[in-house]
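A short write-up of the structure that comes next.
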Amino acid sequence: MSASSAALKTVRWIVLAGAVLGLGTFLWFATRPPPLTVQGEVTANRVDVSPRVNGRVAELRFDVGDTVDRGVLLAQLDSPQLKAALIAAHAQLAVARADFDRVYSTRPENIAAHKADLAAADADVVLAKEVFDRQTSLISSGSTPQQRVDEATRNLETATRKREAAKAALDLTIKGASDEEKALAGAQVKQAEANLNQREVDVAELALHSPTSGQITSRVAELGENFSAGAPVFSLIDMGDLWFTFNLREDLLAGLKVDDKFDVTVPALKSQVIPVRVTMINVQGQYATWRATRATGDFDLRTFEVRAKPLQPVDGLRPGMSAIAAWSARGR
């Protein structure tokens with residue numbers, strides 16, 4: 001065999017081997033399952049700000065798109081009914097306190113008058129006792145009839161009873177009202193104070209303050225519009241606390257646990273790759289698509305919510321943006 005024939009045969013074998021290798025590579029890529037990707041979205045805490053009382057919008061200080069700090073005044077409502085109720089509560093408390101002072105107070109004039117009555121009753125008792133003693137001494141000598149002794153006895157008893165009544169009246173005047181009346185007056189003051197405090201709280205609720213720092217995404221209110229208690233006036237989102245949410249079937253978790261890390265891609269940010277950390281894995285109250293296997297029969301697969309936060313703040317990231325993760329390449 002000539003050298004040229006041997007070289008030609010070698011080339012043919014090389015070409016055949018290359019063709020077989022290329023065909024095998026093509027078949028491997030053609031039969032390989034496509035990489036699994038999952039899609040989620042950016043989420044943030046949303047807070048609806050609503051009044052606790054009914055009122056009319058009197059002032060609006062912010063609009064959609066504004067960023068506000070916690071505690072700042074967003075809007076001021078007005079309610080003539082609540083303000084009138086506050087005035088009535090102040091008056092009710094004043095009346096209750098006046099009655100309380102009346103129950104606990106005693107007039108010096110009344111005490112002086114009852115002391116004078118007691119002194120007069122003491123004098124009557126002394127006089128009746130002297131007459132009684134005189135008649136008692138005379139009856140023994142037969143110088144006075146029994147009738148006079150009986151009258152003296154009755155007069156002494158009457159004077160003694162009047163003195164006791166005068167003493168009781170003085171004690172009652174000094175003490176004032178009964179314990180039950182004083183307790184009732186004190187309870188009425190506390191009730192009026194509680195009612196006033198409730199009215200003050202209601203009026204204070206007419207001022208709507210931001211419960212958290214964030215960006216206003218919705219404003220339903222207009223000036224002069226009436227709002228009932230619980231109706232949302234503003235909606236805010238906390239732009240400083242964003243996370244990614246993915247809903248995955250349980251067969252895709254594959255041992256995923258909290259604090260695991262992987263990368264996500266955000267198309268809205270020019271497909272920027274963002275490293276994230278899993279912060280929560282929570283089962284959802286629903287089922288994924290029905291999947292059947294011949295080995296074990298039919299079964300349901302639960303869906304889990306997976307939350308992951310960026311490891312570093314990302315400029316331009318906003319709630320609602322899509323996020324894509326190459327699940328087969330996340331490091332399992």
Side-chain angles (χ1 to χ4, degrees), residues 33-50 52 64 67-71 209-220 230-332:
L36 176 63
T37 59
V38 295
Q39 181 176 350
E41 66 175 353
V42 182
T43 312
N45 284 323
R46 172 181 170 178
V47 178
D48 292 330
V49 183
S50 58
R52 195 184 61 83
V64 176
T67 300
V68 298
D69 295 326
R70 180 179 180 180
H209 296 273
S210 175
T212 182
S213 300
Q215 187 178 67
I216 298 177
T217 58
S218 175
R219 193 201 78 183
V220 183
V233 179
F234 290 94
S235 293
L236 295 87
I237 56 172
D238 185 2
M239 297 298 294
D241 186 19
L242 302 176
W243 65 85
F244 297 93
T245 299
F246 299 90
N247 292 325
L248 301 177
R249 292 195 316 265
E250 57 183 303
D251 60 333
L252 299 180
L253 294 178
L256 182 70
K257 59 184 181 299
V258 174
D259 289 333
D260 281 355
K261 297 178 177 64
F262 60 95
D263 294 333
V264 300
T265 301
V266 180
L269 300 181
K270 298 181 179 180
S271 298
Q272 178 180 351
V273 177
I274 302 173
V276 297
R277 178 179 62 87
V278 177
T279 59
M280 187 193 75
I281 303 174
N282 187 35
V283 65
Q284 298 281 35
Q286 59 186 10
Y287 291 94
T289 304
W290 179 276
R291 291 168 59 87
T293 62
R294 294 181 180 178
T296 60
D298 296 340
F299 62 93
D300 279 336
L301 291 177
R302 300 295 299 272
T303 299
F304 283 74
E305 177 190 3
V306 177
R307 288 188 182 183
K309 286 190 175 183
L311 299 182
Q312 299 293 335
V314 181
D315 293 335
L317 195 65
R318 294 190 58 84
M321 289 184 175
S322 298
I324 299 174
W327 209 245
S328 59
R330 67 170 186 85
R332 289 185 295 171

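Residue numbers count from 1 along this sequence.
Interatomic distance, CZ of Phe262 versus CZ of Phe246, reported as 5.0 Å (0.5 Å rounding). Taking CD of Glu250 as the reference point, atom CZ of Phe304 lies at 5.5 Å (rounded to 0.5 Å). A distance of 12.0 Å separates CZ of Phe234 from OG of Ser50, quoted to the nearest 0.5 Å. We find the CZ-OG1 distance between Arg307 and Thr279 to be 7.0 Å, quoted to the nearest 0.5 Å. The distance from the CD1 atom of Ile237 to the CZ atom of Arg318 is 5.0 Å, given to the nearest 0.5 Å. The OG atom of Ser218 lies 9.5 Å from the CG atom of Leu236; values are rounded to the nearest 0.5 Å.
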Start with the C-alpha gap between Val68 and Ile216, add the side-chain angles, then the distance that decides, and say whether side-chain contact (heavy atoms from CB on, under 4.5 Å) holds.
CA-CA 8 Å; Val68 298; Ile216 298 177; 4.1 Å; yes
Applying side-chain contact (heavy atoms from CB on, under 4.5 Å), run through Asn45 and Thr212 and close with a yes or a no.
CA-CA 10 Å; Asn45 284 323; Thr212 182; over 6 Å; no
For Val220 and Val233: C-alpha separation, side-chain torsions, deciding distance, then whether side-chain contact (heavy atoms from CB on, under 4.5 Å) applies.
CA-CA 5 Å; Val220 183; Val233 179; 5.9 Å; no
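Looking only at side-chain heavy atoms (C-beta outward), Leu311 and Lys261 come within less than 4.5 Å of each other. Proximity of Asp69 to Ser210: side-chain heavy atoms (C-beta onward) are nowhere separated by under 4.5 Å. The shortest side-chain heavy-atom distance between Pro211 and Val49 falls under the 4.5 Å cut-off. A 4.5 Å side-chain heavy-atom check between Ile274 and Phe244 finds at least one atom pair inside the cut-off.
Across Gln39 and Ser322, no two heavy atoms sit closer than the pair NE2-OG, 3.4 Å. A pairwise comparison of heavy atoms in Pro275 and Asp263 identifies CA-OD1, 3.4 Å as the closest pair. Scanning all heavy atoms of the two residues, the minimum distance from Val264 to Ala325 falls at CG1-CB, 4.1 Å. What you find for Val314 and Gln272 is that their closest heavy atoms are CG1-NE2, 4.0 Å. Closest approach of Ala268 to Met321, counting heavy atoms only: CB-SD, 3.8 Å. Shortest non-hydrogen contact noted between Leu269 and Gly316 is CD2-O, 3.8 Å.
Test Leu252, Val258, Asp260 against Leu256 for side chain to side chain contact (heavy atoms under 4.5 Å, CB included) and you get one pass: Asp260.
The stretch residues 235-245 participates, sequence neighbours left out, in these side-chain hydrogen bond (donor to acceptor under 3.5 Å, both in side chains) pairs: Thr43-Thr245, Arg46-Ser235, Asp48-Ser235, Asp241-Lys309, Trp243-Thr245. The salt bridge (charged side-chain N to carboxylate O under 4.0 Å, His left out) pairs that include a residue from residues 267-282 are Asp259-Arg277, where partners are two or more places apart or lie in different chains.
Checked against salt bridge (charged side-chain N to carboxylate O under 4.0 Å, His left out), Asp315 has no partners two or more places apart in sequence or in another chain.
Residue Arg70 places its CZ atom among 12 or fewer non-hydrogen atoms of other residues, nucleotides or ligands, all under 6.0 Å distant.
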